[in-house]
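Encoded as structure tokens, the structure appears first; notes follow it.
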Amino acid sequence: MIIVFKPQATEEDIDHVTDRLRELGLKSQISQGEERTIIGVIGDERLLDNQPLSVFPGVESVTPIMAPWKLVSREFQKQNTVIDIGNIQIGGNRIVVMAGPCAVEKLEITVGIAKEVKAAGGCILRGGAYKPRTSPYSFQGLGREGLDFLAEAKKQTGLPVVSEILDPRDTDIFLEKADIIQIGARNMQNFELLKEVGAYDKPVLLKRGMSATVKEFLLSAEYIMSRGNRNVMLCERGIRTFETHYRNTLDLSAVPALKEMSHLPVIVDPSHATGKWNLVAPLAKAAIAAGADGLLIEVHSNPECALCDGEESIKPKRFKELMIDLKKIAEAVGRDL
Ligand code: PEP
Ligand code: MN
């Protein structure tokens, strides 16, 4: 932290700050310029979380050097977090591809897509049972029955499942039926829901809010981790910009930035990022090249008739071709797929 004093600050003002820092167990490195005095604070700046130094007399500005998040930071943990889902590891050398329909529809459709996903090399089945729809008149998902269909698809294929929770009152059923609990973009700052999933060790896939900064995203992950759950993965799914040609703008810069700032696995969702099936493959490839640890892709056997997000869903055949291309890119960046 850097504390800059006003030109008219007195020696007493400066002593007042250094005394307080000393009381807190921090050291001050004072730089006496011609016009101003600057203090570099040495030590664990987290000790200053509840100490607003900017209100001290004579202080002009306070610039924190350490990030406001702790448990999610690289400073806290140097090595990458690797999350075990059965025999699949997320955050390791192998890139993990999660795929499936936006919404779980009929049992046969779900099982059929799961089989295709598995045959193409996908290793986790995605499917929404509770859908956060913009319009209350749109298909809201099958609810519990949807989770049962996913469980049946898992039974038949062995693929673990990821599904989105909307309501903390459904936690028990998600703990029982899902292998990864998804917190969607719309709930990234639903702090009660974050605290709820933080209370268990069930892996959580946290999606970036559509208008959230990287900093806010990491602080939401911190909410989950601060409750004890260390199994958190971050998912970049596009943000809102002035561009309206596609649904969102994939913030690819977030991938290396998040990897630098945090030890948590980073997943990219090119489907919601673009809202267009024809843009999914190029962005999936770019995501892997940029260092993503995994992908979340919407796959549907009949996108024309899908009850949700058919326009961004790719067919199993295209998914299979994409997996072949992704393997080459993964190898080029020293990863397996
Ligand atoms: C989803 O993955 O089904 C979904 C609704 O995504 P997002 O929260 O990113 O919009
Ligand atoms: Mn969708």
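Whatever order the structure lists them in is the order used to number ligands and atoms, beginning at 1. This one's a predicted model, so the numbers in the text were calculated from it and none came from an experiment.
Among all non-hydrogen protein atoms, the one lying nearest atom 8 (O) of ligand 1 is A185 N, 2.8 Å. Protein heavy atom in closest approach to atom 4 (C) of ligand 1: H272 NE2, 3.5 Å. Distance from atom 6 (O) of ligand 1 to its nearest protein heavy atom, with residue and atom name: K207 NZ, 2.8 Å. Of the protein's non-hydrogen atoms, the one nearest atom 5 (C) of ligand 1 is E164 OE1, 3.6 Å. Annotation: atom 9 (O) of ligand 1 to nearest protein heavy atom, R237 NE, 2.6 Å.
With sequence neighbours excluded, the residues satisfying side-chain contact (heavy atoms from CB on, under 4.5 Å) with Q140 are R133.
Side-chain polar atoms of Q77 and T81 form a donor-acceptor pair below 3.5 angstrom. Side chains of Q89 and R94: a donor-acceptor N/O pair is absent below 3.5 angstrom, by distance only. At a cut-off of 3.5 Å, with distance as the only test, no side-chain donor of E312 or S271 sits close to an acceptor on the other residue. Side-chain atoms of H272 and D269 form a donor-acceptor pair, as typed in the model, at a separation below 3.5 Å. Between the side chains of N80 and R74, a donor-acceptor pair is found at a separation under 3.5 Å. Between the side chains of T249 and E243, no donor N or O sits under 3.5 Å from an acceptor N or O.
Within D309, the N, O or S atom lying nearest to the Mn ion (ligand 2) carries the name OD2. The atom name of the N/O/S atom in E298 closest to the Mn ion (ligand 2) is OE2.
The environment of CZ in R36 is crowded: more than 12 heavy-atom neighbours from other residues, nucleotides or ligands sit within 6.0 Å.
The nearest N, O or S atom of H272 is closer to the Mn ion (ligand 2) than 2.8 Å. Within the 2.8 Å limit, E312 places no N, O or S atom next to the Mn ion (ligand 2).
Residue-to-ligand polar distances keep G184 apart from ligand 1: every N/O pair is separated by 3.5 Å or more.
Here the shortest heavy-atom distance to atom 2 (O) of ligand 1, taken over R126, R247, R186, K131, belongs to R126.
Residue M210 does not touch ligand 1, judged by heavy-atom distances below 4.0 Å.
Q182 counts as a contact of ligand 1, since one of its heavy atoms falls under 4.0 Å from the ligand.
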